[in-house]
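One-based numbering, in listed order, for ligands and for the atoms of each. Numbering of residues begins at 1 and proceeds along the displayed sequence. Nothing here was measured: the structure is a model prediction, and the numbers come from that model.
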Amino acid sequence: MKRKLNQDDEPPAADAAAVAEPEKKKEKKEKKEKKAVEEEKELSFAELGLDPRLVQAVAKLGFEKPTLVQRRAIPLALKGEDVLCKAKTGSGKTAAYVLPVLQGILGRKKTDNTPTTAGLILVPTRELADQVHKAIEEFSAFCAKDVTAAKLTENVSDAVQRSLLANVPDVVVSTPARAWKSVDSGALSVANLKYLVLDEADLVLSYGYDEDMENLARSMPKGVQTTMMSATLLSAELDTLKGIFCRNPTLLDLKEEFGEEDEKLTQYYVRTGEDDKWLISYLIFKLQLIKGPCLIFVADIDRSYRLKLFFEQFSIRSCILNSELPVNTRIKVIEEFNKGIYDIIIASDERSEVFGDEKEEETKEEGEGEEKKGKKKGGRKGKRDEEYGVSRGIDFKNVAAVVNFDLPTSASSYTHRIGRTARAGRTGIAMSFVVPKELFGKHKPTSIKSCEKDEKVLAKIVRAQGKMNRKLEPYNFSKEQMEAFRYRMNDALRAVTKVAIREARTRELRQELLRSETLKRYFEENPAELSHLRHDGELGHKARQQAHLKHVPDYLLPKEAKKEITKGSVGFVPFKKVDKDKKHKGKFGAKGKGRSFKVGGGRKGDPLKTFKVRRKK
Ligand SMILES: Nc1ncnc2c1ncn2[C@@H]1O[C@H](COP(=O)(O)OP(=O)(O)OP(=O)(O)O)[C@@H](O)[C@H]1O
C-alpha cells in the first residue's frame with residue numbers, strides 16, 4: 001500500500017516528474033505569450049497590412065508605431081470583421097477605425113471606380129465630426145485623388161449640402177440626425193455602404209439618436225461592416241447594436257491591458273465649500289499653480305460666463321465653449337487652443353448635466369433611470385445646439401490639467417472629461433471639486449443644484465476608475481493661506497452680477513452675428529442694422545472692473561514663493577496640508593494621505609511638483 005505523503009516529504013521521482021510536466025508546459029506557454037506580446041508591441045503600421053500611402057501619411061503625422069488599440073483593431077477590421085472596441089481615452093481610436101475604412105476604399109478603387117459612398121462615420125457632436133473629417137484628410141494625404149470625404153455638420157444651406165453630396169464622397173462623417181436627414185431627403189445614398197463606424201458608440205446609440213439610427217439601419221444594405229468605439233461601452237450597447245444592425249461583433253476590451261506604466265494621469269479631488277471653489281480657482285490660475293493649457297468644466301452656460309468674468313477681475317484670460325456659440329466659433333476656439341493662443345478654456349458640459357450621459361447599472365440602482373428618461377424627452381430646448389459636446393472625443397492638444405469646477409453627474413462623463421488630458425502617452429492632472437453634503441447650499445450665491453449629489457457621484461467615479469486600475473487621491477489646500485485671499489475673491493464675485501453675466505452672454509452672441517459670414521451680404525445691404533448692432537455692443541453693461549484685484553500684492557504671497565520670485569526664477573507655493581483636515585484621508589479608496597498643494601518636495605514624479613508660481617506679467 002502506498003504511504004501517504006506528508007507535506008514535508010519529497011514526492012517520489014516519478015510523481016515529481018508528472019507534477020513538473022504541466023508546470024513546464026505552463027511556463028513555456030507563458031514565455032511564448034510574453035514573446036508574442038513583445039513582438040506585437042514592435043509591429044509597424046506597414047506590418048499591420050496597410051497600404052503604403054496610408055503608412056506614409058501616418059509617418060508624416062509622426063506616428064512611429066501603432067498604439068495598442070490600433071495594433072489590435074486594424075487587423076480585425078482588415079479581415080472584414082465587425083469590431084466593438086473599448087479602449088481608454090486618447091489611445092488612438094480614430095486612426096484605428098479610419099485607416100481600415102480608407103484601406104477598403106483604396107482596395108475597391110483598384111478594380112471599380114464607380115462613385116459611391118462606401119463609408120459612413122457617425123459621431124455624437126459637430127465638433128467631433130470636424131475633427132474626424134480633418135483626420136481623414138490627414139490620413140489620406142498621399143491618396144487624396146482616390147479618397148474624398150465630406151462632413152455634414154457645417155452651418156450651410158440645404159442646397160449647399162446637397163451639392164456637396166452630389167459629388168458622391170467616398171466617406172461621410174456626420175451626426176446620426178444629420179445623416180438621416182440627408183438620406184431621407186435623398187441627398188445621400190447609403191445603398192452601397194460597405195463600412196459603418198460609430199465613434200463614441202455608447203452616446204451615438206443612446207438618447208435622442210436612437211430613432212435616427214434605426215432609420216439609417218433600415219436604409220443600409222445587409223452586411224455592412226460595423227465598427228464601434230468608445231472608452232465607455234456597456235453590454236447594453238452591444239445589445240442595442242445587435243438589435244439595430246443584427247450584427248455580432250468581435251469584442252475588444254482593452255481597458256484592462258493598459259498597464260500602470262501606461263498611466264500618466266494623476267487624479268485628485270478637493271473637498272470644498274461652494275464659495276471656496278472660486279477661491280481655489282483664483283489661486284490656482286492667478287498664481288499659475290497649474291502650468292500649461294488647462295480645461296475647466298462647469299455645469300452650465302451661465303456658470304461658464306460667470307467664471308470667465310470672475311477671472312477677468314483678476315486679469316486671468318480665458319475663453320469659453322458652450323452650446324450657444326455657433327459651431328464654427330466652437331471649432332475655431334478648439335483650433336486656437338490647440339495652437340497655444342489660449343491657455344484656459346472654460347467649457348460648459350451641459351450635455352452630461354442635462355441628459356446624464358450614462359446608462360450605468362448603478363444609476364438605475366438609485367432609481368434615476370426614470371428621471372433620465374423624462375429628461376430625454378423634454379430636455380432639448382432653447383437655442384442650444386443639441387449636437388454640441390467637448391467632453392467626448394475632442395483631441396485638445398497638450399492639456400496639462402482638467403479641472404472639474406463642477407463635478408459631472410455621472411462616472412462615464414467624468415472618464416471622458418478627464419480623458420482630454422494625458423492623451424497619446426502624455427502626462428496630465430485631473431482635479432475635481434467635490435462639495436460635501438454638509439456644505440451644499442451653504443453659500444447661496446454660488447450654489448448650483450447639480451452639486452447636491454457630489455459625494456455620491458464621487459463614490460461612483462472612484463468605483464469606475466478603480467475598475468480601470470486608476471485611483472483618485474484627496475488633496476487639501478492650506479486654509480490659512482487661502483484665507484488671505486478671500487476678501488479679494490468676494491470683491492470679484494460681487495462684481496460679477498447676474499446682469500453682467502446676461503450682458504456678457506448677449507455680447508458674445510452679438511459678436512458672433514457681426515462676424516457671421518452668412519450675414520455679411522445682409523449687412524452690406526443694410527448698413528444701418530450693422531451700426532445698430534455695433535452700437536448695442538458698446539452699451540453693454542460690463543462687470544465692474546476693480547484695479548486692485550489685478551495684481552497679487554507681495555505681502556499675500558507665501559514666504560517661499562516670494563523668495564523665489566524675487567530671485568527672478570519660478571518658485572513653489574507651499575499650500576501645506578492642514579493636519580486637522582486629516583479626517584478625509586484614505587476615504588474612497590485613496591491609499592495615500594491627503595496631500596498638500598505643495599510643489600517643492602514630495603513623492604518623485606508627483607505632477608503637482610511642477611505646479612509653480614510665476615509672477616504675472
Ligand atoms: N500611433 C500613434 N502614435 C502617436 N500618436 C498617436 C498615434 N495614434 C494616435 N495618436 C495621437 O493621439 C491622440 C489621441 O488620439 P485619438 O483622438 O484618436 O484618441 P481616442 O482614443 O479617439 O480618444 P477619445 O476616447 O478621447 O476619443 C491624437 O493627438 C493622435 O494624433
Using a threshold of 4.0 angstrom between heavy atoms of the protein and any atom of ligand 1, which residues qualify?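 Contacting ligand 1 under 4.0 Å are Phe45, Phe63, Lys65, Pro66, Thr67, Gln70, Lys88, Thr89, Gly90, Ser91, Gly92, Lys93, Thr94, Glu200, Gly393, Asp395, Lys397, Arg420, Arg423, Ala424.
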Apply ring pair (Phe, Tyr, Trp, His ring centres under 6.0 Å) to Tyr195 and list each qualifying residue two or more places apart in sequence or on a separate chain.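 With sequence neighbours excluded, Tyr195 shows a ring pair (Phe, Tyr, Trp, His ring centres under 6.0 Å) to no residue whatsoever.
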By ring pair (Phe, Tyr, Trp, His ring centres under 6.0 Å), which residues pair with Phe337, not counting sequence neighbours?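 Partners of Phe337 under the ring pair (Phe, Tyr, Trp, His ring centres under 6.0 Å) test: Phe396.
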We want to know whether Gln70 and Tyr97 form a side-chain donor-acceptor pair, criterion being a heavy-atom distance below 3.5 angstrom.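 Absent: no donor and acceptor within the cut-off.
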List in chain and number order the residues that pass side-chain hydrogen bond (donor to acceptor under 3.5 Å, both in side chains) with Ser140, two or more places apart in sequence or in another chain; answer none if no residue qualifies.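 side-chain hydrogen bond (donor to acceptor under 3.5 Å, both in side chains) list for Ser140, sorted by chain: empty.
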Would you call Lys456 and Asp454 a salt bridge, taking side-chain N to carboxylate O under 4.0 Å as the test?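 No, no charged N to carboxylate O under 4.0 Å.
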Of all the heavy-atom pairs spanning Ile346 and Ser318, show the shortest one and how long it is.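 Looking at all heavy atoms of both residues, the closest pair is CD1-OG, 3.5 Å.
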